[in-house]
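All remarks here apply to the structure that follows.
The chain is numbered in sequence order, starting from 1. Excluded from the calculations below are hydrogen atoms, water molecules and symmetry mates; all remaining heavy atoms, backbone and side chain alike, are included. Everything quoted here is computed from the prediction, not taken from an experiment.
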Amino acid sequence: MDLRSKARTLNGVVSDPHKLPKWNYDGSSTGQAPGEDSEVILYPQAIFKDPFRRGNNILVMCDAYTPAGEPIPTNKRYNAAKIFSHPDVVAEVPWYGIEQEYTLLQKDLKWPIGWPVGGYPGPQGPYYCGAGADKAFGRDVVDSHYKACLYAGINISGINGEVMPGQWEFQVGPSVGISAGDELWVARYILERITEIAGVVVSFDPKPIPGDWNGAGAHTNYSTKSMRNDGGFEVIKKAIGKLQLKHKEHIAAYGEGNERRLTGRHETADINTFSWGVANRGASVRVGRDTEKAGKGYFEDRRPASNMDPYVVTSMIADTTILWKP
């Protein structure tokens, strides 16, 4: 979640990321390279309009490589791009909709905004999708982020207040393949910048407050062409069966500290047990009533934590459900 950025001036407008120059940064200052060979090379991968500088300015999503052209260990985009470029995956046109939950914290206290200093608000119930000064905390920040993402060209599809006060969610998608990861990472970056301006801190911790409070996830909605076509529900059930067989591998890759969130309470399934059901928000995987009724559609993997890497999660779901042969 350690997002970094730097800026440079170009001689003219560029609309193709592969026509942008490669650049570098000091990897010894980020813990990604030794001091005696510190250059890490940035490869431009996706372009968005810059909502802060505006005009012809752009935000560029890059991934990172050694000078020899090898992806560095933290570059999860490289392997994801290989999976998403596989002909079998390309043919299935995988769609993703990611629900990114996060918590806004008071800058100096690291305590949720709207909460009494050193104390707790009233119990959960009135805050989800709530309105009013005693229920919704930080809406100006959230709306600013929404508008900035729309300006940037991110496929942001909505926002809402979450169950725990001070917690919010935005949704990115439907996005196809690798673009889901690009768009979510840039939306996170924009949120970091907006909260920086507002003087609050954004936390992607999956359980920022222990106890009887909801955690924060990144529910990942997914469908393939076969699932969206007639008879798709059978394809969905087979895909869920594959996810069940690889439950441990997925959990291991779905975010740090997820065991604090996936307890079987607060709209989660227990981390050690795979389950699925129609309209069941206490299951590992939920199928919507509309999908069941239509016999085709999508499903929601509710296991990923709010701090998951979207390149890892989206490509892993595609790999398990499309490419893996049990």
>> If you compare all heavy atoms of Asn307 against all heavy atoms of Gly255, which two are closest, and at what distance to 0.1 Å?
In response: OD1-CA, 3.4 Å
> What is the distance from atom CD1 of Ile83 to atom CG of Asp88, rounded to the nearest 0.5 Å?
Replying inline: 12.5 Å
With a cut-off of 3.5 Å and sequence neighbours excluded, list every side-chain donor-acceptor pair involving residues 235-245.
from   : atom 1 : to     : atom 2 : distance (Å)
Lys237 : NZ     : Glu234 : OE2    : 3.2
Lys242 : NZ     : Thr321 : O      : 3.4
Lys242 : NZ     : Trp324 : O      : 2.6

> Can you check whether Arg302 reaches Thr268 side chain to side chain, under 4.5 Å on heavy atoms?
Replying inline: no
> Is there a path from Phe137 to Val200 through hydrophobic residues (I, L, V, M, F, W, Y) whose side chains come within less than 4.5 Å of each other?
Replying inline: yes
> Taking all non-hydrogen atoms of both residues, which atom of Val14 and which atom of Ile47 are closest, and how far apart?
Replying inline: O-CD1, 3.9 Å
>> Strictly distance-based, threshold 3.5 Å: is any side-chain N or O of Ser275 a donor or acceptor partner for the main-chain N or O of Ala283?
In response: no
> Same cluster for Ile98 and Ile156 if Ile/Leu/Val/Met/Phe/Trp/Tyr side chains link at under 4.5 Å?
Replying inline: yes
> Between Trp95 and Lys225, is there a donor-acceptor pair closer than 3.5 Å when you use the side chain of the first and the backbone of the second?
Replying inline: no
>> Looking at every non-hydrogen atom in both residues, tell me the closest pair between Lys207 and Gly211 and how far apart they are.
In response: NZ-O, 3.5 Å
> Looking only at heavy atoms, which two atoms of Trp111 and Ile209 are closest? And how far apart?
Replying inline: CZ3-CD1, 3.8 Å
> So Asn155 and Glu183, side-chain hydrogen bond (donor to acceptor under 3.5 Å, both in side chains) or not? Walk me through it.
Replying inline: CA-CA 7 Å; Asn155 195 12; Glu183 291 185 17; 4.7 Å; no
> Looking at Pro44 and Cys62, what are the two nearest heavy atoms and their distance?
Replying inline: CA-SG, 3.8 Å
> Any link between Ile317 and Ile251 through a network of hydrophobic side chains (Ile, Leu, Val, Met, Phe, Trp, Tyr) touching at under 4.5 Å?
Replying inline: no
>> I'd like to know if Tyr222 and Trp276 are part of one continuous hydrophobic network [Ile/Leu/Val/Met/Phe/Trp/Tyr, side-chain heavy atoms within less than 4.5 Å].
In response: yes
> If every non-hydrogen atom of Ala216 is compared with every non-hydrogen atom of Gln167, which pair is closest and at what distance?
Replying inline: CB-NE2, 3.8 Å
> Counting only N and O atoms by type, is there a donor-acceptor contact under 3.5 Å from the side chain of Glu300 to the main-chain atoms of Thr220?
Replying inline: no
Which atom pairs, donor and acceptor, lie under 3.5 Å between side-chain atoms of residues 113-124 and protein residues at least two apart or in another chain?
from   : atom 1 : to     : atom 2 : distance (Å)
Trp115 : NE1    : Pro165 : O      : 2.8
Gln124 : OE1    : Asn214 : N      : 2.7
Gln124 : NE2    : Asn214 : OD1    : 3.1

>> As a quick check of understanding, evaluate side-chain hydrogen bond (donor to acceptor under 3.5 Å, both in side chains) for Thr30 and Tyr25, giving each step before the final call.
In response: CA-CA 9 Å; Thr30 62; Tyr25 65 93; 4.6 Å; no
>> Within a 6.0 Å radius of atom NZ on Lys110, are there more than 12 heavy atoms belonging to other residues, nucleotides or ligands?
In response: no
> Should Tyr298 and Val172 be regarded as members of a common hydrophobic cluster, given that ILVMFWY residues are connected when their side-chain heavy atoms come within less than 4.5 Å of each other, either directly or indirectly?
Replying inline: no
> So with a 6.0 Å cut-off around CZ of Phe233, is the heavy-atom count from everything else above 12?
Replying inline: yes
> Can a donor-acceptor pair be found between the side chains of His266 and Asp212 at a distance below 3.5 Å?
Replying inline: yes
> Is the side chain of Lys76 donor-acceptor paired with the backbone N or O of Pro73 at a distance under 3.5 Å, no angle test?
Replying inline: yes
>> Pair Val312, Met308 - check side chain to side chain contact (heavy atoms under 4.5 Å, CB included), show working.
In response: CA-CA 8 Å; Val312 173; Met308 62 81 157; over 6 Å; no
> If you measure only the distance, is there a donor-acceptor pair under 3.5 Å linking the side chains of His250 and Thr320?
Replying inline: yes
>> side chain to side chain contact (heavy atoms under 4.5 Å, CB included), that's the test. Do Thr314 and Phe84 meet it? Break it down for me.
In response: CA-CA 9 Å; Thr314 57; Phe84 284 121; 3.6 Å; yes
>> I'd like to check Val89 versus Pro94 (side-chain heavy atoms, cut-off strictly below 4.5 Å). Are they in contact?
In response: yes
> Are the side chain of Asn75 and the backbone N or O of Ala64 linked by a donor-acceptor pair below 3.5 Å?
Replying inline: yes
> Does any non-hydrogen side-chain atom of Asn221 lie less than 4.5 Å from one of Tyr96?
Replying inline: no
>> When you measure from the side chain of Gln171 to the backbone of Glu99, do you find a donor-acceptor pair of N or O atoms at a distance under 3.5 Å?
In response: no
> Does the side chain to side chain contact (heavy atoms under 4.5 Å, CB included) test come out yes or no for Ser306 and Tyr102, once each step is laid out?
Replying inline: CA-CA 7 Å; Ser306 48; Tyr102 61 93; over 6 Å; no
>> To the closest 0.5 Å, what do you measure between OH (Tyr43) and CG (Asp63)?
In response: 8.5 Å
> Hey, does Thr224 have a side-chain heavy atom less than 4.5 Å from the side chain of Met227?
Replying inline: yes
> Is there a side-chain contact between Glu192 and Phe204, using heavy atoms and a 4.5 Å cut-off?
Replying inline: yes
Would you give me the side-chain donor-acceptor pairs under 3.5 Å for residues 139-154, sequence neighbours excluded?
from   : atom 1 : to     : atom 2 : distance (Å)
Arg139 : NH2    : Gly130 : O      : 2.8
Ser144 : OG     : Asp140 : O      : 2.8
His145 : NE2    : Ala187 : O      : 2.9

> Is there a side-chain contact between Ile194 and Phe52 (heavy atoms, below 4.5 Å)?
Replying inline: yes
> Taking Gln45 for the side chain and Pro17 for the main chain, is one N or O donor matched with an acceptor at less than 3.5 Å?
Replying inline: no
> Do Phe274 and Val285 touch side chain to side chain, with heavy atoms closer than 4.5 Å?
Replying inline: yes
> Can you tell me if CZ on Arg54 sees more than 12 non-hydrogen neighbours from other groups inside 6.0 Å?
Replying inline: no
> Would you call the rings of Trp185 and Tyr311 parallel, tilted or perpendicular, where under 30° means parallel and over 60° means perpendicular?
Replying inline: tilted
> Would one find more than 12 heavy atoms of other residues, nucleotides or ligands at under 6.0 Å from atom CG of Asp134?
Replying inline: yes
>> Return the NZ to NE2 distance between Lys22 and His18, rounded to the nearest 0.5 Å.
In response: 10.0 Å
>> As an exercise, state the distance from OG1 of Thr74 to CG of Asp309, rounded to the nearest 0.5 Å.
In response: 9.5 Å
> Just how far is it from atom CD1 of Ile41 to atom OG1 of Thr66, taken to the nearest 0.5 Å?
Replying inline: 8.0 Å
>> For a side chain to side chain contact (heavy atoms under 4.5 Å, CB included) check, start with the C-alpha distance between Val201 and Thr195, then their side-chain angles and the critical distance, and finish with the verdict.
In response: CA-CA 6 Å; Val201 173; Thr195 52; over 6 Å; no
> Passes side-chain hydrogen bond (donor to acceptor under 3.5 Å, both in side chains), Asn258 versus Glu256? Steps please.
Replying inline: CA-CA 6 Å; Asn258 212 9; Glu256 295 291 322; over 6 Å; no
>> Can you confirm whether Asp2 sits close enough to Arg4 that some side-chain heavy atom of one is under 4.5 Å from a side-chain heavy atom of the other?
In response: yes
> Say you draw a straight line from NE2 of His86 to CG of Leu323; how long is it, rounded to the nearest 0.5 Å?
Replying inline: 5.0 Å
